[in-house]
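Down below is the structure, laid out as structure tokens.
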Amino acid sequence: MLDLRLVSESVNLAELFKSIQCLPELEQLCFPRSSVTCDEFDFQWPQKLWYLRLQGGITDFFAANVRFPETITCLEFAHCSHLTRTGLDDILSHIGINLTRLSITYPMPKIGDDGADRSFWFCPNLKSFFVDIAYISWELFSEELLVILKEYDRPLRSMTIESTGYMGMCEKLSPNDITIAVDEERLPCFERLGLSAMLGWDFKSDDMNDMISELDHHNIEVFKV
């Protein structure tokens, strides 16, 4: 494991890539938050790498040109101040099919307020999904983006919706959107739903009670985080 997420000094990503080529046993890598952008892509990823946390100077150009290894099954995004929805989609369109765990958390200022809506579309094999409410809308759970898979049951088991508590976030998604997706059996393997206490939802409302009742009928646990 190489965890650089708390490194405070600026890191040259080109030099970092040259270094990790010398680490054939590396399985887990966390980019530093304070890193300069990189336009060099002529390097080899460690063949055993399965966990990658992207932070710092990741750009759309980087996302479009780097060939991420198919061995990655766990991918996290945070503190990517340059990455837009286009860059996020580029990365997920290339390796999303291999991911079983995805995390898109605050801050990701340029992906937009619905930048993570296509996560289920690009990543049909997710088992666990962590996302901030700032980057999703009701369309995440729509029939168009959360489709019923034909060849096998969608394996998603756990989802956590986080929030920083900003005003207006509660209106982007409602308990009904989740209730309908479960009722229509588009999440057949779902087991656990974590909701931030800072979402701004009224946890005593009729919509919330209906969602909890429907999810309980499907043996799905709902809890606050």
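Predicted, not measured: the structure shown is a model, and the values here were computed from it.
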Next item on the list: Output every pair passing ring pair (Phe, Tyr, Trp, His ring centres under 6.0 Å) with a member in residues 98-136, not counting sequence neighbours, ordered by first then second residue.
Entry: F120-F129
Check: Could you give the distance from CG (L29) to CD1 (I20), rounded to the nearest 0.5 Å?
Finding: 5.5 Å
Next item on the list: Flag yes if L187 and Y152 sit in one hydrophobic cluster, no otherwise; membership is Ile, Leu, Val, Met, Phe, Trp, Tyr, and two members link when side-chain heavy atoms are under 4.5 Å apart.
Entry: yes
Under 3.5 Å, which donor-acceptor pairs link side chains of residues 44-54 to any protein atom two or more places apart or in another chain?
| unit_1 | atom_1 | unit_2 | atom_2 | d |
| --- | --- | --- | --- | --- |
| W45 | NE1 | R67 | O | 3.1 |
| K48 | NZ | E25 | OE1 | 2.7 |
| W50 | NE1 | E27 | OE1 | 3.3 |
| Y51 | OH | E76 | OE1 | 3.0 |
| Y51 | OH | E76 | OE2 | 3.4 |
| R53 | NE | Q55 | OE1 | 2.9 |
| R53 | NH1 | E76 | OE1 | 2.7 |
| R53 | NH2 | Q55 | OE1 | 3.2 |

Notebook entry, point to check: Residues two or more places apart in sequence or in another chain: which of them pass side chain to side chain donor-acceptor pair (under 3.5 Å) with R118?
Noted result: none
Notebook entry, point to check: Would one find more than 12 heavy atoms of other residues, nucleotides or ligands at under 6.0 Å from atom CD of Q21?
Noted result: yes
Next item on the list: Kindly indicate, with the supporting measurements, whether the criterion side chain to side chain donor-acceptor pair (under 3.5 Å) is fulfilled by D132 and Y166.
Entry: CA-CA 11 Å; D132 195 291; Y166 286 134; over 6 Å; no
Check: So, D117 versus S137: side-chain donor-acceptor pair below 3.5 Å or not?
Finding: yes
Checklist line | Chi angles and distances behind the side-chain contact (heavy atoms from CB on, under 4.5 Å) call for H82, F62 | finding: CA-CA 10 Å; H82 304 287; F62 177 91; over 6 Å; no
Check: Is any side-chain N of the basic residue among R85 and D114 closer than 4.0 Å to the acidic one's carboxylate O?
Finding: yes
Item checked: By side chain to side chain contact (heavy atoms under 4.5 Å, CB included) - contacts of T105 (at least two apart) -> A78, S103, E162
Margin query: With a sphere of 6.0 Å drawn around CD of E185, does it hold more than 12 non-hydrogen atoms of other residues, nucleotides or ligands?
Written below: no
Margin query: Show every side-chain hydrogen bond (donor to acceptor under 3.5 Å, both in side chains) that has at least one partner inside residues 209-219, sequence neighbours left out.
Written below: E214-H218
Check: Other than V225, which residues form its hydrophobic cluster under the rule that side-chain heavy atoms must be closer than 4.5 Å?
Finding: F223
Next item on the list: State plainly whether the residues D202 and K204 are in salt-bridge range, i.e. N to O under 4.0 Å.
Entry: no
Notebook entry, point to check: Can I97 be reached from L146 by stepping across I, L, V, M, F, W or Y side chains whose heavy atoms are under 4.5 Å apart?
Noted result: no
Note to self: Evaluate L140 against D177 for side-chain contact (heavy atoms from CB on, under 4.5 Å), listing each step before the verdict.
What the structure shows: CA-CA 9 Å; L140 175 72; D177 299 317; over 6 Å; no
Next item on the list: Can you see which heavy atom on P175 is nearest to which on D207, and at what distance?
Entry: CB-O, 3.7 Å
Margin query: For the CZ atom of R154 and the CD1 atom of I148, what is their distance to the nearest 0.5 Å?
Written below: 9.5 Å
Next item on the list: Verify side-chain contact (heavy atoms from CB on, under 4.5 Å) between S119 and V131, making sure each step is shown before the conclusion.
Entry: CA-CA 10 Å; S119 297; V131 67; 5.9 Å; no
